[in-house]
Asks: 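Mind having a look at this structure? Questions to follow.
From a predicted model like this one, the values you see are computed outputs, not experimental measurements. Order of the sequence lines sets the chain letters (A, B, ...), proteins ahead of strands, with each chain counted from 1.
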There are 2 protein chains.
Amino acid sequence: MAYRQGLDAETVLQAAIEMADLQGVEQLTLAALAAKLNVKTPSLYNHIKGFPDLRKQLSRRGLVLIKEAMVEAVIGKAEDDALLAAGFAYVMFARKQPGLYEAISSLPDYEDPELKEAGSQVVLFLLRILEPYGLSEEDALHVVRGFRSMVHGFASLEHRNGFRMELEKDESLRRLLQTYLRGLRIAVK
Amino acid sequence: MAYRQGLDAETVLQAAIEMADLQGVEQLTLAALAAKLNVKTPSLYNHIKGFPDLRKQLSRRGLVLIKEAMVEAVIGKAEDDALLAAGFAYVMFARKQPGLYEAISSLPDYEDPELKEAGSQVVLFLLRILEPYGLSEEDALHVVRGFRSMVHGFASLEHRNGFRMELEKDESLRRLLQTYLRGLRIAVK
DNA sequence: TTTACAAAACTAATATCATTAGTTATTATA
DNA sequence: TATAATAACTAATGATATTAGTTTTGTAAA
């Protein structure tokens with residue numbers, strides 16, 4: 001009805017994030033998104049390149065935010081404390097923004113330069129936390145892979161209700177990370 | 001053209017698996033599947049309930065097969081050796097049948113009874129391997145969650161090219177599992 | 001052997017998507 | 001004030017899954 005709704009790219013992205021978080025990234029369609037924004041579907045094309053592009057933007061935003069959450073969480077912490085905090089921050093993010101997290105983990109094409117860059121930031125952050133451990137570069141990279149596998153696997157399984165037993169989930173995560181870190185200490189020292 | 005193509009539910013499922021493994025589960029559509037089977041799309045409905053049902057069947061078959069792969073891998077092995085072998089079998093399965101693995105990890109609804117059952121079989125299998133460790137039931141369940149997180153996370157990241165550094169992937173997986181198992185030994189003994 | 005029925009394929013139609021082309025109204029700028 | 005850029009629109013297209021109804025085929029009963 002009203003021309004000039006006042007939309008811009010960021011507003012569209014925010015609405016998409018909200019919709020993904022609330023109803024799952026599968027339910028995110030341009031049709032539903034346009035309706036939410038009181039606009040006809042084709043109007044969205046003034047602000048996004050298309051559906052795949054929107055999905056990519058979600059992934060990128062998710063990667064940036066999850067890294068920021070980890071950075072915030074490790075303030076004033078080092079070594080095992082920092083890794084534990086970073087791991088919990090990662091999983092908490094997935095809980096709080098499930099749609100955005102789904103967007104990260106169901107990536108369109110990871111070859112995209114912007115996504116590559118955002119992913120690298122996560123890796124570089126973890127490498128910095130590992131510095132005090134005095135690992136070789138190769139060793140540190142293996143640890144980063146291990147850490148990412150643990151937290152992503154945990155968040156992913158939790159998100160799809162993969163943990164159905166009556167058992168405290170935070171405790172499972174704490175034990176997973178601490179058991180790994182304990183093993184790491186022995187390997188090192 | 002020819003009536004009576006000789007299709008049945010299993011043939012349709014196999015073709016779907018093949019298509020998912022070859023081109024990714026995103027590319028799996030009823031239209032493409034019907035074309036591959038030399039049949040019109042609506043004909044598929046004689047053998048499947050619909051698209052969501054087909055996806056569910058893929059997930060279930062994947063869960064069954066990945067559990068069988070782990071069972072086969074641990075023959076003649078126990079404790080750490082068995083867990084390591086099971087973990088590698090899990091990841092190898094994801095590499096060999098990427099579409100089927102995607103189907104497992106992008107599950108539609110995990111609340112479905114058949115999927116629940118298939119998932120439980122995986123958990124029960126892991127619990128049996130953990131028996132010799134003499135853990136309490138609660139401890140064992142935490143370990144199962146940890147193990148599943150590690151291998152699923154690793155397979156998932158690897159599948160989407162999440163590991164971009166020049167670094168042997170099998171070695172990363174071996175270190176991840178062994179580091180965790182080492183930590184577990186200390187916690188226990 | 002013939003007939004009847006169930007099942008597997010079909011055609012046709014609908015609804016929901018994303019996307020593109022072309023149009024109109026609004027805002028900003030020259 | 002006039003012009004240009006832009007954000008909305010309508011209309012149309014092609015792909016998708018799904019349903020309804022039809023035709024053909026295979027099988028089992030009479």
Asks: Atom CG of B:Asn38 to atom C1' of C:dA8: distance rounded to whole Å?
Replies: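 After rounding, the reported distance stands at 15 Å.
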
Asks: If you measure from the Lys or Arg side-chain nitrogens to the Asp or Glu carboxylate oxygens, is any gap between A:Lys67 and A:Glu72 under 4.0 Å?
Replies: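 So A:Lys67 does not pair with A:Glu72 through a salt bridge.
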
Asks: I need the CG-C1' distance between A:Leu30 and D:dG14, as an integer number of Å.
Replies: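 Distance, rounded to whole Å: 16 Å.
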
Asks: To the nearest Å, how far apart are B:Glu26 CD and C:dA18 P?
Replies: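 B:Glu26 atom CD is separated from C:dA18 atom P by 14 Å.
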
Asks: Nearest whole Å is fine: how far is C:dT20 P from A:Leu44 CG?
Replies: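 Roughly 13 Å, once rounded to whole Å.
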
Asks: Taking atom P of D:dA7 as reference, at what distance in whole Å does atom CG of A:Asp8 sit?
Replies: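 Atom-to-atom, A:Asp8 to D:dA7, this comes out as 9 Å.
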
Asks: Let me know the distance between CD of A:Glu10 and P of D:dA7, rounded to the nearest Å.
Replies: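 From A:Glu10 CD to D:dA7 P: 15 Å.
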
Asks: Within the pair A:His47 and D:dT6, is there a side-chain N or O less than 4.0 Å away from OP1 or OP2?
Replies: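 Answer is no, no contact under 4.0 Å.
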
Asks: Is the B:Tyr101 ring parallel, tilted or perpendicular to the B:Tyr90 ring (thresholds 30°, 60°)?
Replies: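 It falls in the perpendicular class, over 60°.
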
Asks: Please determine whether a side-chain nitrogen of the Lys or Arg among A:Asp21 and A:Lys96 lies less than 4.0 Å from a carboxylate oxygen of the Asp or Glu.
Replies: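 Judged by the 4.0 Å cut-off on N to carboxylate O distance, A:Asp21 and A:Lys96 do not form a salt bridge.
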
Asks: Look at the side chain of B:Val39 and decide which nucleotide, out of C:dT19, C:dC10, C:dA18, has an atom nearest to it.
Replies: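 Side chain of B:Val39 sits closest to C:dC10.
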
Asks: Look at the side chain of A:Phe51 and decide which nucleotide, out of C:dA8, C:dA18, D:dA8, has an atom nearest to it.
Replies: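 From the listed options, C:dA18 comes nearest.
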
Asks: A:Leu33 CG to D:dA8 C1': how many Å, rounded?
Replies: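 The distance from CG of A:Leu33 to C1' of D:dA8 comes to 15 Å, rounded to the nearest Å.
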
Asks: Among C:dA18, D:dT18, D:dA8, which nucleotide sits nearest the side chain of A:Leu7?
Replies: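 Of C:dA18, D:dT18, D:dA8, D:dA8 is nearest to the side chain of A:Leu7.
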
Asks: Which nucleotide in the list D:dT16, C:dC10, D:dT10 gets nearest to the side chain of A:Lys40?
Replies: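 Nearest to the side chain of A:Lys40 among the choices is D:dT10.
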
Asks: Kindly indicate whether the side chain of A:Asn46 and the base of D:dA8 share any N or O donor-acceptor pair separated by less than 3.5 Å?
Replies: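 Checked by distance alone, the answer is yes.
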
Asks: Quick one: label A:Ser43 by what it contacts on the DNA or RNA (base, sugar-phosphate, nothing), any heavy atom closer than 4.0 Å.
Replies: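 Touches a base.
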
Asks: Could you check A:His152 against B:Ser156 for side-chain hydrogen bond (donor to acceptor under 3.5 Å, both in side chains), going step by step and ending with a plain yes or no?
Replies: CA-CA 8 Å; A:His152 165 58; B:Ser156 178; 2.9 Å; yes

Asks: Roughly how many Å is it from CD in A:Gln27 to P in C:dT16, rounded to a whole number?
Replies: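 A:Gln27 atom CD is separated from C:dT16 atom P by 14 Å.
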
Asks: Is any side-chain N or O of A:Tyr45 closer than 4.0 Å to OP1 or OP2 of C:dT19?
Replies: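 Yes, such a contact exists.
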
Asks: Answer with yes or no after comparing the ring centroid distance for A:Phe147 and A:Tyr180 against a 6.0 Å cut-off, counting only values under it.
Replies: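 No: the rings miss the under 6.0 Å criterion.
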
